[in-house]
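Below is one structure, written out as structure tokens; the observations come after it.
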Protein chains: 4
Amino acid sequence: GHLLDSQLPKSLIQPRHGNSYKNHHGHLLLAGGSQNMGGAILLAATAAAKTGAGLVSSLVNDNYCPAFTAAHPGIMFAGWKSADLQLMLNKANALVIGPGMGQSSQAQQLVSALIDNDLPKVIDADALNLLASQAALTDKLQKNAPLVITPHPGEAARLLNISTIEVQSDRLSAVKLLQQKFGGVAVLKGAGSLIYDGQQLWCCPFGNPGMAVAGMGDLLAGIIGSFLAQGHSALNSACLGVLIHAQAGDIAADAGQIGLQAVDLLPSLRGLVNPTC
Amino acid sequence: GHLLDSQLPKSLIQPRHGNSYKNHHGHLLLAGGSQNMGGAILLAATAAAKTGAGLVSSLVNDNYCPAFTAAHPGIMFAGWKSADLQLMLNKANALVIGPGMGQSSQAQQLVSALIDNDLPKVIDADALNLLASQAALTDKLQKNAPLVITPHPGEAARLLNISTIEVQSDRLSAVKLLQQKFGGVAVLKGAGSLIYDGQQLWCCPFGNPGMAVAGMGDLLAGIIGSFLAQGHSALNSACLGVLIHAQAGDIAADAGQIGLQAVDLLPSLRGLVNPTC
Amino acid sequence: GHLLDSQLPKSLIQPRHGNSYKNHHGHLLLAGGSQNMGGAILLAATAAAKTGAGLVSSLVNDNYCPAFTAAHPGIMFAGWKSADLQLMLNKANALVIGPGMGQSSQAQQLVSALIDNDLPKVIDADALNLLASQAALTDKLQKNAPLVITPHPGEAARLLNISTIEVQSDRLSAVKLLQQKFGGVAVLKGAGSLIYDGQQLWCCPFGNPGMAVAGMGDLLAGIIGSFLAQGHSALNSACLGVLIHAQAGDIAADAGQIGLQAVDLLPSLRGLVNPTC
Amino acid sequence: GHLLDSQLPKSLIQPRHGNSYKNHHGHLLLAGGSQNMGGAILLAATAAAKTGAGLVSSLVNDNYCPAFTAAHPGIMFAGWKSADLQLMLNKANALVIGPGMGQSSQAQQLVSALIDNDLPKVIDADALNLLASQAALTDKLQKNAPLVITPHPGEAARLLNISTIEVQSDRLSAVKLLQQKFGGVAVLKGAGSLIYDGQQLWCCPFGNPGMAVAGMGDLLAGIIGSFLAQGHSALNSACLGVLIHAQAGDIAADAGQIGLQAVDLLPSLRGLVNPTC
């Protein structure tokens with residue numbers, strides 16, 4: 001295994017071309033944010049925009065669209081009911097599926113409609129829980145599409161049908177089992193996040209316990225998705241995302257680990273993705 | 001009686017563990033925010049997140065959920081009508097009941113459903129008014145659960161069936177009577193807030209008259225609830241909460257006592273709960 | 001006539017008492033903000049809170065309440081339809097009537113219900129237009145209640161049944177006629193705002209042409225109302241309000257008069273009402 | 001052709017008059033922001049207010065009005081369904097038509113109702129797409145009214161019935177063809193934006209590839225519209241708008257081109273329109 005190095009962005013992230021158009025920087029589509037659970041998708045989408053995706057669109061419960069748009073007018077928030085899902089899929093070149101999605105029957109239908117294509121994907125949170133419980137969904141997931149799954153230990157336990165304690169007692173085995181089950185790149189979150197793509201294993205030496213609060217995983221999913229949309233491989237996206245997320249958490253913790261919130265990471269993201277700036 | 005000491009956080013608040021998960025830092029559930037009175041729960045929830053609760057969920061009138069979520073995406077805002085109350089209670093390890101709750105029949109039902117359990121609780125504002133007027137509610141309140149009540153002098157008067165002038169003319173007796181009536185820890189707010197748990201009496205020498213504005217009590221309820229959720233005793237939570245709230249008010253008053261608003265306390269909360277930072 | 005002096009706040013605004021309670025600093029009720037015109041009441045209410053009113057409540061079109069509450073959780077925003085108007089009036093000790101109110105029949109009913117009492121009042125904007133066109137409303141206005149009217153030249157022209165050019169060509173006569181017609185204190189806004197109470201005439205030498213943008217008058221109404229709620233006389237409230245509003249405008253204009261917006265005045269208001277700070 | 005010079009604002013933008021009233025600084029009406037596409041109009045309206053329009057009103061899908069008003073209370077947001085369109089047109093002295101408008105039948109009706117007058121106009125985004133596909137709309141566009149069209153290369157291609165590659169391979173010819181087809185002033189966005197009014201050709205040497213993200217064009221439309229409302233000619237408005245937009249983008253890019261968002265340009269706009277400040 002290898003440790004993620006703080007020089008990674010400098011080697012992987014290229015400067016913008018002189019003649020760019022907004023589609024050149026990728027169009028990320030995020031889906032989640034069911035009723036009473038909307039904040040997750042807002043955090044993920046904001047983090048994606050701040051880490052360089054040229055266009056960010058989000059499918060959320062319709063009720064959230066006006067307030068979210070007011071807060072982030074550069075991000076498109078479209079309602080599950082009112083949006084033209086196929087049109088949005090056609091425009092996207094990467095997906096984040098799961099933050100705040102819930103496990104309702106509508107959520108299942110939405111996940112089902114979103115995973116049957118060859119777009120690079122981050123699958124997170126409740127979408128992972130749905131995959132764990134619905135074999136038909138796992139079958140639909142196209143194996144040739146770049147994939148990053150981002151379970152926390154509790155989600156990993158459900159995905160592997162073992163206990164959270166078992167996951168945490170042997171995180172290395174857990175991340176390998178997750179990768180074998182779903183293919184692609186598995187990220188096992190927690191202190192010392194692990195990244196495994198079937199061959200390489202990476203561990204993140206950054207981050208701090210103040211990051212163990214609501215919404216942190218949503219940011220990570222958005223950041224990894226942003227790198228996928230910008231054309232990075234699944235493994236590089238996962239490594240860059242985990243690294244930058246942890247570094248932003250460490251910067252935020254300078255003002256104290258206790259009371260640190262997910263939104264406190266947002267101000268430092270742009271600096272971290274512009275390493276030569 | 002004792003005076004609250006500014007060194008209290010340093011002695012009571014421990015650094016985060018290296019291997020934390022968000023549930024380790026507590027899950028606070030707040031309930032209140034009825035129609036036209038939503039701001040109180042937003043202030044309480046925000047203060048709770050900034051003082052260290054790992055997860056913060058809030059039950060509010062459904063209409064507020066989208067706008068509140070947009071403003072604070074790391075906090076879950078769920079509607080009274082649409083939320084699964086029992087599921088939310090099962091996930092919580094401490095409660096704040098009352099900010100902006102109103103005294104409607106739905107509010108009574110909600111209070112009734114929330115107090116019949118052994119979770120640590122802060123009961124504030126209209127929930128106190130309901131307790132004062134509905135003996136059946138007081139009976140439902142489980143006496144073995146850690147409890148902090150946080151009346152201002154007017155609420156104390158209603159709870160004790162005396163006048164506000166009588167409360168203020170002998171605040172010491174009032175806080176003792178409040179504690180005898182409800183058990184747990186009574187906090188009598190106002191200049192020189194008093195805290196009494198049946199044995200120890202504490203008085204807060206901090207704070208300033210600029211804090212006599214709307215929403216200040218809501219912040220206090222949220223902060224005390226946050227400490228309950230993080231595993232502090234009712235007495236320690238009340239003492240830490242009253243102290244930090246007053247200190248944040250003093251910091252905010254550096255820019256002038258007149259025109260000071262409750263939200264002006266929010267930026268300094270994280271610094272105050274990280275005393276060694 | 002006299003020129004407003006920048007030392008006025010130091011002589012009129014007293015420090016907060018040591019034993020204050022939030023009602024001591026006044027409860028201002030604002031009414032306005034009809035459909036598609038809500039921003040005016042939000043600006044007025046925000047300015048009122050930042051200039052020292054202990055409690056600020058606002059009657060607005062119901063649709064605005066959630067988003068406004070999210071933006072300013074310390075201010076109560078209650079819907080015209082859903083609020084208990086009489087209860088709100090009973091709690092208030094000063095009123096601001098008019099910002100964004102429109103001139104619909106519901107607006108007329110609301111104005112009618114709000115002016116028939118002896119509370120100190122600021123009447124502004126469309127409420128002035130309604131007074132100009134509905135003699136029955138003018139009759140209802142209790143003459144013994146402290147009153148400040150705050151027309152801009154166009155509103156003054158409608159109130160006096162002359163042209164705006166006539167108002168501007170002899171502003172001194174116009175402000176005197178306005179005072180004679182409605183009693184109380186008349187404020188004629190514009191470059192060199194004039195204040196007249198039937199005896200004293202004051203002129204404001206501060207302010208700048210960058211302040212000629214949307215929402216500036218709404219801020220002024222809120223600030224004057226805040227001083228009324230805190231117990232200042234109508235004349236002193238008008239003088240303090242006009243002075244502080246103009247000074248805040250001059251501070252904001254340091255970054256350029258062009259593109260200055262009403263919200264740019266908000267950050268300096270608290271400093272201006274704490275002159276000894 | 002000429003290069004836009006950074007001294008242009010100093011020569012074209014006059015200081016505010018000492019005796020200004022808010023109508024003196026222009027009243028810009030923007031129309032767009034259909035369901036799920038509201039952010040565009042919010043960005044355009046905000047940029048217009050920050051660049052000096054005295055009054056800014058926006059027609060958007062009704063659902064957005066409360067949240068947008070809360071975010072920017074000095075701007076009027078009125079719903080397509082609930083607003084009195086003719087009244088709003090009567091008050092405006094310049095128009096921006098298109099950001100986030102969509103191409104629904106209601107959008108067509110709205111565009112049709114807005115272009116049949118002699119007000120100066122910016123036509124952008126979907127309004128351009130509608131013009132490209134509906135000859136009847138192009139006929140309705142009054143040829144004597146000052147006009148600026150602001151297509152990006154993809155929109156230019158649709159307007160000219162050629163491919164985007166053809167547009168980009170000869171941008172000079174494309175901007176000339178656009179101007180011949182619609183009259184007025186054509187702005188062809190992209191690296192080295194071109195401005196052509198049938199006689200003069202201007203090219204913008206500022207800007208950077210980090211600006212190739214969602215919402216950048218919306219800001220530009222709002223800024224150009226703001227200058228039209230303040231009385232500048234179509235050509236001067238286009239030149240000032242393109243220049244200031246690009247300069248604001250360069251200032252924003254100091255913190256990194258990657259992850260730069262449209263909202264990051266807003267803080268520097270006021271400084272750029274006050275060149276002598």
Side-chain angles (χ1 to χ4, degrees), chain A residues 33-47 60-72 77 99-100 102 152-154 164 168 171 189-192 207-219 252-266, chain B residues 9 13-27 46-60 62-79 81-84 87-88 223 226 230 244 266-267 269-277:
Chain A
S34 63
Q35 192 181 27
N36 293 338
M37 300 172 68
I41 205 81
L42 183 57
L43 288 168
T46 308
V60 293
N61 182 289
D62 291 68
N63 291 330
Y64 288 111
C65 293
F68 285 13
T69 303
H72 294 280
F77 295 97
H152 60 56
T164 305
Q168 291 295 70
R171 288 170 54 85
K189 297 185 289 197
N208 63 82
M211 298 174 71
V213 294
M216 282 291 171
D218 305 315
L219 293 181
D254 285 345
Q257 291 186 0
I258 302 170
L260 191 161
Q261 294 183 271
V263 291
D264 297 323
L265 275 64
L266 296 172
Chain B
I13 300 176
Q14 305 303 316
R16 293 296 196 218
H17 290 158
N19 196 9
S20 296
Y21 180 59
K22 58 189 169 184
N23 290 324
H24 296 168
H25 305 149
H27 189 158
T46 309
K50 286 186 178 287
T51 49
L55 295 158
V56 179
S57 299
S58 304
L59 281 161
V60 293
D62 291 69
N63 290 331
Y64 288 111
C65 293
F68 285 13
T69 304
H72 295 280
I75 297 172
M76 181 200 237
F77 294 97
K81 283 189 194 161
S82 57
D84 181 335
L87 186 69
M88 292 183 78
I223 297 169
S226 178
Q230 292 172 77
I244 284 170
L266 295 171
L269 291 178
R270 183 147 66 116
L272 291 165
V273 295
N274 285 280
T276 61
C277 200

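Atom set for the values below is all heavy atoms of this structure, side chains included, hydrogens, waters and symmetry mates excluded. Chain naming here is simple, since letters A, B, ... match the order of the sequence lines and numbering starts at 1 in each.
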Which heavy atom of B:Ala70 sits nearest to which heavy atom of A:Ala67, and what is that distance? CB-O, 3.6 Å
Euclidean distance, A:Ile258 CD1 relative to B:Arg16 CZ, rounded to 0.5 Å: 5.0 Å
Without swapping roles, check the side chain of A:Asn36 against the backbone of B:Gly79 for a donor-acceptor pair under 3.5 Å. yes
One option among B:His72, B:Lys50, B:Met76 has the most heavy-atom pairs under 4.5 Å with chain A, and it is B:Lys50
Non-hydrogen atoms of chain A under 4.5 Å away: do they reach the side chain of B:Leu269, the backbone, both or neither? neither
By side-chain hydrogen bond (donor to acceptor under 3.5 Å, both in side chains), A:Thr164 pairs with (sequence neighbours left out) none
Looking only at heavy atoms, the pair that brings A:Val263 and B:Pro73 closest together is CG1-CG, 3.8 Å
Applying a strict 4.5 Å limit to non-hydrogen atoms, the region of A:Ile41 in contact with chain B is neither
When the 4.5 angstrom heavy-atom criterion is applied to B:Thr51 and chain A, the contacting part is backbone
Heavy-atom cut-off 4.5 Å, strictly under: side chain, backbone, both or neither for A:Asp264 against chain B? side chain
Do any N or O atoms from the side chain of B:His25 and from the backbone of A:Val213 form a donor-acceptor pair under 3.5 angstrom? no
Identify the two heavy atoms, one from A:Gln261 and one from B:Ala49, that lie closest to each other, and give their separation to 0.1 Å. NE2-CB, 3.0 Å
